[in-house]
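To start, the structure itself, in structure tokens.
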There are 2 protein chains.
Amino acid sequence: MERADAARNRQRILRAAAELFAAKGAPNVTMEDIARAAGVGRGTLYRRFPDRAAIATALLDTHERELQERLLRGEPPLGPGAPPAERLAAFYAAMVELLEAHAHLVLGAETGRSRFETGAYGFWRVHVRSLLVAARVPDPDALVDVLLAPLAPEVYTYQRQDRGLSPERIAGALRRLARSIEPEGDRRA
Amino acid sequence: MERADAARNRQRILRAAAELFAAKGAPNVTMEDIARAAGVGRGTLYRRFPDRAAIATALLDTHERELQERLLRGEPPLGPGAPPAERLAAFYAAMVELLEAHAHLVLGAETGRSRFETGAYGFWRVHVRSLLVAARVPDPDALVDVLLAPLAPEVYTYQRQDRGLSPERIAGALRRLARSIEPEGDRRA
DNA sequence: AGTCAAGCGGACACCGTGTCCGCTTAGCAC
DNA sequence: GTGCTAAGCGGACACGGTGTCCGCTTGACT
């Protein structure tokens, strides 16, 4: 179990990190910054969180779990019951909401290669793959990462900031993509 | 115009960098490594190439230009003449070949956010966007980055290495994706 | 041969990372 | 409340990579 001062410091670290990420963007925040803002030493910071990504992941965790819960046991079309293409479209919409709300965190936690190593990616992957299987799409293992690629935080922020697209337009494009997923030979049937 | 010794050093730098990238993977090669292997000082290296990405980009340039040429003026289905969905499928196939042949370079040049800032991305974007316009797809501006996302080098190497997928399977998934691009209301028509 | 600017390269300062170790303090037993 | 102990703390430190600066060298042109 965790000592009281340790728990207090964990809270202070997370609070300070959240503010800094929001203010300056995760990639521009150093571990030193966080330690100073939280009023703890560098050693204390590293004791719990090996790097910036771990802190961002901890901050994201709640939100991601909540979405995961809704995917597993929520109402359709997000939860079970709706046709696979509709569930995929609903998943995309929910991810756009999540990216929109926490872009600065995701950009700190799931950037570049490390994106694939997070538990969250594994979860999204299993979920979407099961939808593809249900839709009887050929070779779901190859398609699943292709369909998850546009949800990379770099892509989303490029579309939002550099391209000036609204969340709605991005969600719309993803929705059309989701609905185009059909079994081989079933198109124009 | 460029002095003879300068041109010689440029060649030595590019040659040395190509070997190091292939041997150790671009992200693990430091500017110092390249300078030493090329037999030049750090100052000389920085004079021409501001960072590792610039070197990798220079090495990729030839191959990318060649593909761009084929897209503009080559035979169908890559070049003009074929239906948009087929041209998109051919583009995906060509990109898979390029990624397969030069993954270590692309991983050095077009990783993370910087991918979107390269001239190459702009070219691919214009090309695919024009195909979407020709296919009368709604909101091509939002869809184009979505369709280019799976070509991010991180995604490709994840599929190849962590997932053990063959280039053919990846290309197959992308081909099916390309063929599912159709005008609104035209599906199942 | 002389001039001079382009080119060169190593030394240097800086920044962020991650570790290590002596000090502090919470938690507990009595 | 006192004393013990291990968990927790934090600053100092070493390291590695980056990018710049400036005195020296050398190619190119006359």
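Keep in mind that what you see is a predicted model, and the values were worked out from it rather than measured. Letters go in sequence order (proteins before strands), and every chain restarts at 1. Values reported hereafter were calculated over all heavy atoms of this structure, with side chains retained and with hydrogens, waters and symmetry mates removed.
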Can you tabulate the close N/O pairs, meaning under 3.5 Å, that link protein atoms to atoms of nucleotides 3-5 of chain D?
none

Please tabulate, one pair per line, each protein N/O and nucleotide N/O from nucleotides 6-8 of chain C that are separated by under 3.5 Å, including the distance.
| from | atom 1 | to | atom 2 | distance (Å) |
| --- | --- | --- | --- | --- |
| C/dA6 | N3 | B/Arg3 | NH1 | 2.7 |
| C/dC8 | OP1 | B/Asp5 | O | 3.2 |
| C/dC8 | OP1 | B/Ala6 | N | 3.4 |
| C/dC8 | OP1 | B/Asn9 | ND2 | 2.5 |
| C/dC8 | OP2 | B/Arg48 | NH2 | 3.2 |

Anything under 3.5 Å between a protein N or O and an N or O of nucleotides 15-18 of chain C, put it in a table, one pair a line.
| from | atom 1 | to | atom 2 | distance (Å) |
| --- | --- | --- | --- | --- |
| C/dT17 | OP1 | A/Arg52 | NH1 | 3.3 |
| C/dT17 | OP2 | A/Met31 | N | 3.2 |
| C/dG18 | OP2 | A/Tyr46 | OH | 3.4 |
| C/dG18 | N7 | A/Arg42 | NH2 | 2.5 |
| C/dG18 | O6 | A/Arg42 | NE | 3.1 |
| C/dG18 | O6 | A/Arg42 | NH2 | 3.4 |

Step-by-step side-chain contact (heavy atoms from CB on, under 4.5 Å) determination, A/Tyr156 to A/Ile170: CA-CA 8 Å; A/Tyr156 187 77; A/Ile170 299 171; 3.7 Å; yes
Audit row: A/Ile55, A/Met31, side-chain contact (heavy atoms from CB on, under 4.5 Å) steps and yes/no: CA-CA 10 Å; A/Ile55 304 178; A/Met31 291 296 261; 4.3 Å; yes
Test log, rule side-chain contact (heavy atoms from CB on, under 4.5 Å), inputs B/Arg87 and B/His127: CA-CA 10 Å; B/Arg87 291 193 69 192; B/His127 177 67; 3.6 Å; yes
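Hydrophobic clustering (ILVMFWY, side-chain heavy atoms < 4.5 Å, transitive): A/Tyr92 and A/Leu72 are in one cluster. A/Leu107 and A/Val96 are members of different hydrophobic clusters when ILVMFWY side chains are connected at heavy-atom separations under 4.5 Å.
Looking at B/Arg70, its side chain never comes within 3.5 Å of a backbone N or O of B/Leu78 through a donor-acceptor pair.
Rounded to whole Å, the distance from CG on A/Leu45 to P on D/dG8 is 15 Å.
Inspection of the B/Arg113 and A/Tyr158 side chains reveals no N or O donor paired with an N or O acceptor under 3.5 Å.
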N/O donor to acceptor pairs below 3.5 angstrom from side-chain atoms of residues 116-124 of chain A, sequence neighbours left out:
| from | atom 1 | to | atom 2 | distance (Å) |
| --- | --- | --- | --- | --- |
| A/Thr118 | OG1 | A/Arg115 | O | 2.9 |
| A/Thr118 | OG1 | A/Tyr121 | N | 3.3 |
| A/Tyr121 | OH | A/Asp145 | OD1 | 2.7 |

Please tabulate, for the side chains in residues 2-14 of chain A, all donor-acceptor contacts under 3.5 angstrom to protein atoms that are two or more places apart in sequence or on a different chain.
| from | atom 1 | to | atom 2 | distance (Å) |
| --- | --- | --- | --- | --- |
| A/Glu2 | OE1 | A/Arg10 | NH1 | 3.3 |
| A/Glu2 | OE2 | A/Arg10 | NH1 | 2.2 |
| A/Arg3 | NE | A/Asp5 | OD1 | 3.3 |
| A/Arg3 | NH2 | A/Asp5 | OD2 | 3.0 |
| A/Asn9 | OD1 | A/Arg12 | NH2 | 3.3 |

Using atom types as modelled, flag every donor-acceptor pair under 3.5 Å from a side chain in residues 17-28 of chain A to any protein atom, sequence neighbours excluded.
| from | atom 1 | to | atom 2 | distance (Å) |
| --- | --- | --- | --- | --- |
| A/Lys24 | NZ | A/Asp33 | OD2 | 3.3 |
| A/Asn28 | ND2 | A/Lys24 | O | 2.8 |

